[in-house]
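The structure appears below as C-alpha cells.
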Amino acid sequence: MGRTGHSVSGALLALAMAATPALAEDISSTDAAPSEAVASATSFDPAEHAGAGELFDELVEQGIPRAWLIDAFDHAHYRQNVLDAMEGAAERRLRWHEYRDIFMSDERVAEGAAFIDAHRDAFERAEATYGVPPEVIAAIIGVETYYGRFKGDHRVLDSLATLAFYHPTRGAFFRGELAAFLEIAYQQQVAPESVVGSYAGAMGYPQFIPTSYQAYAVDFDGDGRRDLWENPVDAIGSVANYFAEHRWQPGAPIYHDAEGSESARQALSFNQTRAPSVTAGEASEAGLVSLEPLAPERKVVPLALELADGQTRYGLGEYNFYVITRYNHSHLYAMAVVELANAIAKTLEGQG
C-alpha cells in the first residue's frame with residue numbers, strides 16, 4: 001500500500017493514461033465540495049490559502065524550515081484531473097476477467113521472473129528476513145508499476161495538495177499524506193516538485209503512499225537511505241516488510257479453488273476484504289467446497305469471480321489473501337497478485 005480504500009496500480013495508471021493505497025486505510029472526512037471559484041485556484045500560497053497556511057504552521061512546529069516550506073508550497077498547483085481520476089479506479093468498475101487481462105500477459109510473467117533473477121540476493125534476504133516468497137513480492141511490484149516501468153506521471157506534490165484541500169470527502173486523510181510527503185522530501189533532501197507518482201500520491205516501485213513510506217520503507221541495501229523511487233532493492237525489502245507488519249504467515253497457503261453454487265451465494269458473504277471469519281466447514285455446508293482438503297476449522301474468505309463467458313469461478317482465500325488486500329483493499333487486486341505470483345513461480349521452476 002495500503003492503500004484511498006483502493007490504491008491505483010501504476011499499470012492501471014498507464015493503461016488509463018492516468019500504482020494501491022495506494023496502501024491507505026478507508027478513511028473519510030466531511031469536507032465540503034469546493035466551489036467552482038475555489039476549484040479554479042492554482043496557488044497554495046500559505047499567506048493566502050487558509051488550509052495551506054494551517055498545515056505550513058504545523059510543519060514548521062515539527063522542525064521543517066520555513067524557507068524550505070515556502071518554496072515547496074510555491075511549486076504546488078491545483079489539478080482538476082486528479083479529482084476526476086479519483087472517481088474511476090479500475091477496481092470499482094472492472095469485472096474479474098477484465099481486471100485479470102490487464103496483468104496476466106506472458107511478457108509480464110517473464111519480466112517478473114527476470115526481475116527476481118536480476119535481484120536474487122535481495123529477494124532471498126527478504127524471504128529469510130520477512131518470510132514472504134520472492135514471487136509474491138515481485139507480483140506486487142509487477143502489478144503496481146510493471147517492475148518499475150510505470151511509476152506514474154503526476155507530480156505528487158500537486159496531487160496531494162489538490163486532494164488535501166479539495167477532495168469532497170477525504171480531504172483530512174490526504175492532508176495527512178501531504179504532510180508526510182513533505183516530511184519525507186525534506187528528510188531525504190529531495191525537491192518535492194520533482195517527485196512523480198500516481199494521481200493518488202503513491203510513489204516509487206511499490207507505489208507506497210507517504211504514510212506507508214514512513215511506516216514500512218526500509219533501507220535494504222544499507223546505503224543509509226530509504227529510496228523507493230529509484231532503488232529496487234529497497235523496494236523489495238519494503239514490500240516484504242509491509243506484509244510482515246500486516247502479519248503475513250510464512251509458508252501458509254494463500255488461495256484454493258473451489259466448487260460453488262447459487263445456494264452458497266445466498267448463504268455466504270463473498271469477496272470481502274475483512275479478515276477471514278467463515279470456516280471451511282461452514283462454507284462447505286453452504287455449498288462452497290474447496291477442491292483440495294482443508295481442515296473444517298480453517299477460516300477462509302469466500303470468493304466469486306466473474307469470467308468472460310458469464311460463468312463464475314469460485315475460490316477460498318486464506319489469511320495471506322487477506323494480507324494482500326491490506327496492500328490494496330480489493331479482492332480483484334489480491335487475485336491478480338496471486339495469479340501473477342503463481343505464474344512467475346512456475347516460470348522460475350521451468351528454468352531449473
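Not measured: the values here are computed from a predicted model. Side chains are part of it too, since the values below use all heavy atoms of this structure and drop only hydrogens, waters and symmetry mates.
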Check: Can you name the closest pair of heavy atoms from Ala235 and Tyr205 and give their distance?
Finding: CB-CB, 3.5 Å
Margin query: Grouping I, L, V, M, F, W and Y whenever their side-chain heavy atoms are under 4.5 Å apart, do Leu94 and Met86 come out in a common cluster?
Written below: yes
Notebook entry, point to check: Rounded to the nearest 0.5 Å, how far does CZ of Arg149 lie from CD1 of Ile141?
Noted result: 14.5 Å
Note to self: Distance check, rounded to the nearest 0.5 Å: Asp57 atom CG versus Arg66 atom CZ?
What the structure shows: 6.5 Å
Margin query: Please tell me whether Phe73 and Phe44 form a close aromatic pair, meaning their ring centres lie under 6.0 Å apart.
Written below: no
Notebook entry, point to check: Between the main-chain N or O of Phe270 and the side-chain N or O of Gln272, is there a donor-acceptor pair closer than 3.5 Å?
Noted result: yes
Next item on the list: Might you work through the side-chain contact (heavy atoms from CB on, under 4.5 Å) test for Val239 and Ile140, ending with a clear yes or no?
Entry: CA-CA 8 Å; Val239 171; Ile140 289 287; 4.0 Å; yes
Next item on the list: State plainly whether the residues Glu193 and Arg155 are in salt-bridge range, i.e. N to O under 4.0 Å.
Entry: no
Next item on the list: State plainly whether the residues Lys151 and Glu230 are in salt-bridge range, i.e. N to O under 4.0 Å.
Entry: yes
Item checked: Sidechain-backbone polar pair: Glu177 side chain, Thr211 backbone, donor-acceptor under 3.5 Å -> yes
Item checked: Separation of Ile324 CD1 from His246 NE2 (nearest 0.5 Å) -> 13.0 Å
Notebook entry, point to check: Which heavy-atom pair separates Glu292 from Tyr255 by the least distance, and what is that distance?
Noted result: OE2-O, 4.4 Å
Next item on the list: Using atom types as modelled and distance alone, determine if a side-chain donor or acceptor of Ser290 lies under 3.5 Å from a backbone N or O of Leu294.
Entry: no
Note to self: Can you give me the closest heavy-atom contact between Thr162 and His77, atom names plus distance?
What the structure shows: OG1-O, 3.5 Å
Check: Where does the angle between the aromatic ring planes of Tyr199 and His154 fall among parallel (under 30°), tilted (30 to 60°) and perpendicular (over 60°)?
Finding: perpendicular
Next item on the list: On the 0 to 90° scale, with breaks at 30° and 60°, tag the Trp229-Tyr213 ring pair as parallel, tilted or perpendicular.
Entry: tilted
Margin query: Hydrogens and angles aside, do Glu262 and Gln266 bring a side-chain donor and acceptor to less than 3.5 Å of each other?
Written below: yes
Next item on the list: Inspect the contact between Glu111 and Arg108 and indicate whether a charged nitrogen and a carboxylate oxygen are less than 4.0 angstrom apart.
Entry: no
Note to self: Could you report the tightest heavy-atom contact between Ala283 and Leu268, atom names first, then the distance?
What the structure shows: CA-CD1, 4.0 Å
Note to self: With a 4.0 Å cut-off on N to O distance, would you call Glu306 and Arg100 a salt bridge?
What the structure shows: no
Next item on the list: Please work out whether the ring planes of Phe150 and Tyr146 are parallel, tilted or perpendicular, with thresholds of 30° and 60°.
Entry: perpendicular
Note to self: Using 30° and 60° as the class boundaries, would you call the ring planes of Phe115 and Tyr147 parallel, tilted or perpendicular?
What the structure shows: tilted
Check: If we only count heavy atoms from C-beta on, is the Tyr319 to Pro276 side-chain gap below 4.5 Å?
Finding: yes
Notebook entry, point to check: Transitively linked via ILVMFWY side-chain contacts under 4.5 Å: Tyr99 with Leu307?
Noted result: yes
Next item on the list: Check for a donor-acceptor pair, side chain of Ser263 on one end and backbone N or O of Gly287 on the other, with a separation under 3.5 Å.
Entry: no
Checklist line | Exam field: side chain Thr129 to backbone Ala126, donor-acceptor pair closer than 3.5 Å | finding: no
Note to self: I'd like to know if the side chain of Tyr242 reaches the main chain of Arg326, judged simply by a donor and an acceptor atom lying under 3.5 Å from each other, with no hydrogens or angles considered.
What the structure shows: yes
Item checked: Main-chain N/O of Ala122 paired with His119 side-chain donor or acceptor, under 3.5 Å -> no
Notebook entry, point to check: Which heavy atom of Ala217 sits nearest a heavy atom of Leu228, and at what distance?
Noted result: CB-CD1, 3.8 Å
Checklist line | Donor-acceptor contact below 3.5 Å, side chain Asp45 vs main chain His49 | finding: no
Note to self: Is the ring pair Tyr130/Phe220 parallel, tilted or perpendicular, if the boundaries are 30 and 60 degrees?
What the structure shows: tilted
Check: Going only through I, L, V, M, F, W and Y residues with side-chain contacts under 4.5 Å, is there a path from Tyr186 to Leu178?
Finding: yes
Next item on the list: List the steps, then state whether side-chain contact (heavy atoms from CB on, under 4.5 Å) holds for Val301 with Thr325.
Entry: CA-CA 11 Å; Val301 176; Thr325 67; over 6 Å; no
Notebook entry, point to check: Atom OG in Ser277, atom CD in Glu282: separation rounded to 0.5 Å?
Noted result: 8.5 Å
Check: Does the ring centre of His329 sit less than 6.0 Å away from the ring centre of Tyr322?
Finding: no
Margin query: Take a 6.0 Å sphere around CZ of Arg120 and say whether it holds more than 12 heavy atoms from other residues, nucleotides or ligands.
Written below: yes
Notebook entry, point to check: Between atom CD of Glu98 and atom CG of Leu332, what is the distance when rounded to the nearest 0.5 Å?
Noted result: 10.0 Å
Notebook entry, point to check: Do you know which two heavy atoms are closest between Ile344 and Ala138, and how far apart they sit?
Noted result: CD1-CB, 4.3 Å
Notebook entry, point to check: Within a radius of less than 6.0 Å around CD of Glu259, do more than 12 heavy atoms belonging to other residues, nucleotides or ligands occur?
Noted result: no
Checklist line | Flag, side chain of Asn320 to backbone of Trp248, donor-acceptor distance under 3.5 Å | finding: no
Check: Say you draw a straight line from CG of Asn271 to NE2 of His331; how long is it, rounded to the nearest 0.5 Å?
Finding: 3.5 Å
Next item on the list: Determine, for Asp227 against Arg225, whether the closest basic-nitrogen to carboxylate-oxygen distance falls under 4.0 angstrom.
Entry: yes
Checklist line | Candidate pair Tyr78 and Leu83, rule side-chain contact (heavy atoms from CB on, under 4.5 Å), full reasoning | finding: CA-CA 10 Å; Tyr78 174 87; Leu83 292 173; 3.3 Å; yes
Notebook entry, point to check: If you measure from the Lys or Arg side-chain nitrogens to the Asp or Glu carboxylate oxygens, is any gap between Arg226 and Asp234 under 4.0 Å?
Noted result: no
